Amino acid sequence: MRSLLLLPLLFLPLLTFAVKGYRAGDELHVLALSGVRLRATPGGDKVLATLPYGTKVVVAEVLSPAQPFEAEGRRGFWVKVKNKDQVGYVFDGFLSWLPAPDKSCIDLASYAQKHLKPLGAKFVGHAFGCYNPDEDEIAGSDDTRFFQWGGATIVLSESWYYEGAGEGLSLNGGAGFSLEEGWLLAQAIFKADLDRCVELIAEDPDRVDYNDRPLNAASYQQFSPAKDGTYLELDMLPEGCSDMLIIVFDPQTKTVYISRHSGC
């Protein structure tokens with residue numbers, strides 16, 4: 001397996017995660033698969049509507065003072081939004097700057113190609129920095145493409161080599177992404193695989209991950225970052241060798257890195 005070079009990010013301080021940096025007039029998207037409730041007041045009992053996955057909302061007001069809230073392990077704030085002719089309050093822990101993946105997005109590459117604006121040509125490299133014309137299939141290759149969404153530059157990397165394959169999506173700068181947004185995006189793109197993991201654990205509750213740690217089905221369904229709050233790692237239960245989904249957040253640059261790598 002290739003080194004992901006992510007270790008320096010794992011020791012950064014804990015921050016409150018949620019989509020951040022938005023202002024009145026900005027457009028956000030509902031990335032919670034079950035939708036989000038539009039309430040008459042922040043945290044109030046009266047529900048005006050349930051906004052389904054993929055709904056676009058416009059920020060009507062950023063509340064001051066801020067009103068924090070926590071749901072399903074996510075921490076964030078109430079924000080006043082407008083959806084068509086309705087105005088109400090939603091929890092921003094289920095919102096994202098990013099557009100919601102549709103059913104055709106089965107991996108990070110298909111999501112970027114379908115929903116993001118490409119920047120320039122694809123850069124083709126070679127895995128491990130190797131290039132041997134006679135053994136190129138063994139050496140493998142790295143492809144890198146750049147995309148844009150709003151003010152953010154997004155980098156898609158894809159790699160193939162004789163023992164496996166992988167892809168990564170780096171959401172860098174611009175709007176200021178969060179670990180929770182990375183998890184919401186991964187949940188939508190890899191939903192079928194995550195559901196399969198839950199089913200396998202239900203069939204065999206004694207399953208362990210590649211480090212022989214007990215598996216918890218809940219971690220495949222809800223936001224469960226590591227203790228320092230900067231990364232989330234899931235064993236995707238392959239038939240052989242390894243298949244890992246890793247999401248890392250750098251609070252200094254507001255960059256989120258999502259990777260899926262499988263192989264031996």
Side-chain angles (χ1 to χ4, degrees), residues 1 4 6 9-10 14 17-19 29-37 50 52-54 70-76 91-96 98-112 164-171 177-249 256-264:
M1 293 288 294
L4 298 181
L6 298 179
L9 299 180
L10 304 185
L14 176 67
F17 300 121
V19 57
H29 304 80
V30 176
L31 251 62
L33 293 172
S34 58
V36 64
R37 291 174 181 172
T50 297
Y53 169 79
E70 183 172 341
E72 298 180 16
R74 298 173 173 89
R75 291 174 294 168
F91 172 53
D92 68 7
F94 296 119
L95 304 179
S96 176
L98 298 165
D102 59 32
K103 292 182 179 180
S104 69
C105 300
I106 58 173
D107 53 27
L108 299 174
S110 58
Y111 171 73
E167 59 175 357
L169 199 65
S170 176
L171 313 172
F177 297 105
S178 70
L179 183 67
E180 291 173 327
E181 286 180 271
W183 168 239
L184 287 170
L185 185 64
Q187 266 192 310
I189 293 174
F190 301 117
K191 182 180 185 304
D193 290 341
L194 292 167
D195 288 347
R196 176 187 58 83
C197 290
V198 172
E199 292 174 0
L200 291 173
I201 295 171
E203 294 171 0
D204 180 8
D206 295 325
R207 272 184 175 268
V208 295
D209 67 11
Y210 72 107
N211 281 323
D212 292 327
R213 296 172 298 196
L215 289 169
N216 182 358
S219 65
Y220 293 85
Q221 299 170 303
Q222 63 187 31
F223 183 64
S224 303
K227 289 183 179 180
D228 72 352
T230 60
Y231 76 104
L232 186 154
E233 179 180 280
L234 291 174
D235 186 336
M236 300 302 283
L237 308 184
E239 294 299 324
C241 292
S242 67
D243 182 359
M244 299 299 300
L245 172 64
I246 301 173
I247 308 170
V248 176
F249 172 69
V256 174
Y257 185 79
I258 306 170
S259 68
R260 179 83 184 268
H261 281 73
S262 60
C264 299

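Treat the numbers as computed from the prediction; the structure is a model and nothing was measured.
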Exercise. Once you round to the nearest 0.5 Å, how far does CD1 of I247 lie from CG of L169?
Worked result: 11.0 Å
Exercise. According to the side chain to side chain donor-acceptor pair (under 3.5 Å) rule, which pairs have a member within residues 100-111, sequence neighbours left out?
Worked result: D102-S104, D102-K114, S104-K114, D107-S110
Exercise. Minimum heavy-atom separation for Y53 to A188, with atom names?
Worked result: OH-CB, 3.3 Å
For this session: List for me each residue that meets salt bridge (Lys or Arg N to Asp or Glu O under 4.0 Å) alongside D193, sequence neighbours excluded, and say none if there are none.
Result: R260
Exercise. Quick one: does F190's side chain get under 4.5 Å of C105's, heavy atoms only?
Worked result: no
Problem set entry | Beyond-backbone contact of W183 with R74, side-chain heavy atoms, under 4.5 angstrom | yes
Problem set entry | Where E181 and F177 come nearest, the two heavy atoms and their spacing | OE1-CA, 3.4 Å
For this session: Output the distance between atom CG (L179) and atom CG (L184), rounded to the nearest 0.5 Å.
Result: 10.0 Å
Exercise. Would a 4.5 Å heavy-atom cut-off, applied to side chains only, mark L237 and R196 as touching?
Worked result: yes
Problem set entry | R207 CZ: over 12 foreign heavy atoms closer than 6.0 Å | yes
Problem set entry | Pairwise distance OH(Y220) to CG(D195) - rounded to 0.5 angstrom | 12.5 Å
For this session: Would you give the length of the straight line joining atom OG of S34 to atom CZ of F94, rounded to the nearest 0.5 angstrom?
Result: 6.5 Å
Exercise. Do L95 and L31 come close enough that some side-chain heavy atom pair is under 4.5 Å?
Worked result: no
Exercise. Taking only residues two or more places apart in sequence or in another chain, which ones pass salt bridge (Lys or Arg N to Asp or Glu O under 4.0 Å) with E199?
Worked result: none
Seminar exercise, completed: When V198, L232, L234 are each screened for side chain to side chain contact (heavy atoms under 4.5 Å, CB included) with S219, the one that passes is L234
Exercise. How long is the gap from CE on M244 to OG on S259, to the nearest 0.5 Å?
Worked result: 8.5 Å
Exercise. Is there a side-chain contact between D235 and D243 (heavy atoms, below 4.5 Å)?
Worked result: no
Exercise. Checking E72 side chain against Q222 main chain: does a donor-acceptor pair fall under 3.5 Å?
Worked result: no
